[in-house]
Protein chains: 2
Amino acid sequence: MTDDENLDSTEAEARAVESRAEAFIGVREARRSEVAEDYVELIAELIHENGEARPVDIATRMGVTAPTVAKTLGRLARDGLITRAKYRSVFLTEEGRALAKECRHRHEIVLRFLLSLGLDPETAERDAEGIEHHVSERTLALFAAFSQRS
Amino acid sequence: MTDDENLDSTEAEARAVESRAEAFIGVREARRSEVAEDYVELIAELIHENGEARPVDIATRMGVTAPTVAKTLGRLARDGLITRAKYRSVFLTEEGRALAKECRHRHEIVLRFLLSLGLDPETAERDAEGIEHHVSERTLALFAAFSQRS
DNA sequence: GCAAAAAGTTAGCTTCGGCTAATAATCATC
DNA sequence: GATGATTATTAGCCGAAGCTAACTTTTTGC
């Protein structure tokens with residue numbers, strides 16, 4: 001092996017390792033916003049159904065306890081996604097509404113895609129919930145196209 | 001609306017809410033094992049490549065710092081997935097090897113599926129990394145079948 | 001309009017998974 | 001085989017997201 005070849009293969013490997021690391025870093029980033037996205041999406045649904053989003057309903061729908069909801073709502077308010085008054089229901093800010101809309105859009109595309117693959121609705125809903133946060137724009141476009149033509 | 005209809009729709013709604021909550025609970029459960037799975041899968045690769053898995057290599061490949069790796073390895077050892085000796089490389093237990101094999105299998109199916117959908121390799125690898133932890137057995141089977149016939 | 005039930009909050013605990021700074025051990029090179 | 005570089009560990013910090021227990025506020029039903 002010449003020095004040049006050696007250098008090339010080393011560099012190629014380094015690039016591969018770095019790109020892999022970036023993939024993991026990307027996944028970790030996505031993970032950080034998952035909970036916020038799930039909450040905002042659910043809050044939007046509740047507001048649509050009931051005109052308001054009560055913590056107790058968020059808790060039962062998310063399968064967590066009321067204090068957990070309270071703490072998470074605190075973070076959402078801090079991040080400018082919801083408005084909050086003590087002992088009252090929560091509502092979405094403009095930013096929150098935008099995020100909710102985007103999430104709902106992704107969710108629907110992923111769900112429709114899984115259904116059009118032939119998955120049962122129950123499992124499709126479950127898997128969509130987990131997958132939707134980890135699908136790039138490109139993949140989402142392919143999913144949408146697939147559902148369309150099938 | 002009769003009382004019966006009222007009751008039925010209430011019960012149906014309750015079931016839907018509960019099933020939704022279960023989906024979220026499932027996603028949270030999956031989330032808890034994600035990191036362990038990523039590490040074990042990577043450790044298996046490193047052992048395959050180099051005969052051992054050094055913390056420093058795990059760190060660069062995962063895109064985290066050495067102390068983060070050390071702490072996570074502590075958890076993996078506690079959970080019986082790896083063996084560890086101070087200042088030495090880590091190795092997989094029988095259980096760890098089994099998990100790694102399973103993860104690699106899932107990863108490959110998801111990756112091949114995304115590629116056969118027409119996604120570019122870079123994005124496919126990135127998305128597979130995030131998606132693989134949230135795909136049920138059923139969906140995995142559908143993914144595999146799709147790649148096969150295309 | 002009051003009492004009980006329901007809902008919301010606060011305090012305080014846990015685990016996980018990141019980080020930096022400091023220390024310790026191993027490895028490589030002369 | 002000493003020494004400098006690399007690697008590994010430890011200590012200690014942080015924030016997120018879960019929980020229970022205790023308390024306050026609001027809602028409801030008589």
Side-chain angles (χ1 to χ4, degrees), chain A residues 14 17 21-43 46 50-79 81-91 129-130 133, chain B residues 14 17 21-43 46 50-79 81-91 129-130 133:
Chain A
V17 165
E22 267 159 31
F24 280 121
I25 290 168
V27 172
R28 283 200 298 276
E29 243 164 63
R31 234 170 258 167
R32 265 189 285 120
S33 34
E34 273 182 53
V35 172
E37 288 175 10
D38 286 340
Y39 271 70
V40 163
E41 203 179 338
L42 175 55
I43 289 167
L46 287 169
N50 312 328
E52 60 177 349
R54 299 190 311 159
V56 68
D57 293 326
I58 299 173
T60 48
R61 295 265 233 284
M62 291 285 301
V64 297
T65 61
T68 296
V69 169
K71 206 181 281 189
T72 305
L73 293 180
R75 279 189 290 268
L76 297 184
R78 180 202 61 192
D79 297 345
L81 296 169
I82 63 168
T83 58
R84 216 153 105 91
K86 247 192 175 185
Y87 295 100
R88 290 274 111 91
S89 291
V90 300
F91 298 92
E129 207 65 74
H133 306 287
Chain B
V17 165
E22 268 159 29
F24 280 121
I25 290 168
V27 171
R28 283 199 299 276
E29 243 164 60
R31 233 170 258 167
R32 267 190 285 120
S33 34
E34 272 183 52
V35 172
E37 288 175 10
D38 286 340
Y39 270 70
V40 163
E41 201 178 341
L42 176 55
I43 289 166
L46 287 169
N50 312 328
E52 60 178 349
R54 298 190 311 160
V56 67
D57 293 326
I58 299 173
T60 48
R61 295 266 234 284
M62 292 286 301
V64 297
T65 61
T68 296
V69 169
K71 206 182 280 189
T72 305
L73 293 180
R75 281 190 289 268
L76 297 184
R78 180 201 62 192
D79 296 345
L81 296 171
I82 63 168
T83 58
R84 224 173 157 222
K86 248 192 175 184
Y87 294 101
R88 289 276 113 90
S89 290
V90 301
F91 298 92
E129 208 66 73
H133 306 287

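Below, all heavy atoms of this structure are taken into account, side chains as well, without hydrogens, waters or symmetry copies. Every chain is numbered from 1, with letters handed out A, B, ... down the list of sequences. Predicted model, so just to flag it, every value in this text is computed and none were measured.
Put simply, B/Thr65 has a side-chain N or O that comes within less than 4.0 Å of OP1 or OP2 on C/dC19. For the OP1/OP2 pair of C/dC16 and a distance below 4.0 Å, the side-chain nitrogens and oxygens of B/Arg78 include at least one atom meeting the criterion. Applying the 4.0 Å criterion to OP1 and OP2 of C/dC27, one finds that B/Arg88 has a side-chain N or O inside that range. A close approach under 4.0 Å does occur between a side-chain nitrogen or oxygen of A/Lys86 and OP1 or OP2 of C/dT10. Contact between the side-chain N/O atoms of A/Arg32 and the OP1/OP2 oxygens of D/dG15 is not found at any separation under 4.0 Å. Close to D/dG15, at under 4.0 Å from its OP1 or OP2, lies no side-chain N or O of A/Arg75. Proximity of A/Thr68 to the phosphate of D/dA17: no side-chain N or O atom is located under 4.0 Å from OP1 or OP2. OP1 or OP2 of C/dG8 has not a single side-chain nitrogen or oxygen of A/Arg54 nearer than 4.0 Å.
The existence of a salt bridge linking B/Asp79 and B/Arg32 is excluded, since no basic side-chain nitrogen approaches an acidic carboxylate oxygen closer than 4.0 Å.
Nearest to the side chain of B/Val35, among D/dA8, C/dT9, C/dG17, sits C/dG17. Distance from the side chain of A/Pro67 is smallest for D/dC19 among the nucleotides D/dG18, C/dG18, D/dC19. Out of C/dA25, C/dG17, D/dA17, the shortest distance to the side chain of B/Lys71 is found at C/dG17.
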**Report entry** Derivation and outcome, side chain to side chain contact (heavy atoms under 4.5 Å, CB included), residues B/Arg88 and B/Arg84
**Finding:** CA-CA 7 Å; B/Arg88 289 276 113 90; B/Arg84 224 173 157 222; over 6 Å; no

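With A/Val69 as the fixed residue, the side-chain contact (heavy atoms from CB on, under 4.5 Å) test singles out one of A/Thr60, A/Asp57, A/Val64: A/Val64.
Rounded to an integer number of Å, the gap from CG of B/Asp38 to P of C/dG17 is 10 Å. Atom CD1 in A/Ile58 sits about 12 Å away from atom C1' in C/dA7, given to the nearest Å. Taking atom OH of A/Tyr87 as the reference point, atom P of C/dG8 lies 11 Å away to the nearest angstrom. In this structure, A/Glu34 atom CD and C/dG17 atom P are separated by 13 Å, rounded to whole Å. In this structure, the CD atom of A/Glu52 is 12 Å from the C1' atom of D/dT27, given to the nearest Å.
Going from atom CZ of A/Arg61 over to atom CD of A/Glu41 covers 12.5 Å, rounded to the nearest 0.5 Å.
At the heavy-atom level, B/Arg84 lies under 4.0 Å from the strands shown only through sugar-phosphate atoms.
Mapping B/Leu73 and A/Asp79 onto DNA chain D by nearest heavy atom places B/Leu73 closer to the 5' end of the strand.
Where the helix from C/dG1-D/dC30 to C/dC30-D/dG1 starts and where it ends, the local axes point in directions that differ by 10°; five pairs per end, rounded to 10°.
Contact check for A/Val90 versus A/Ile58: side-chain heavy atoms found under the 4.5 Å cut-off.
B/Arg28 contributes a side-chain N or O that, together with a main-chain N or O of A/Gly63, makes up a donor-acceptor pair within less than 3.5 Å.
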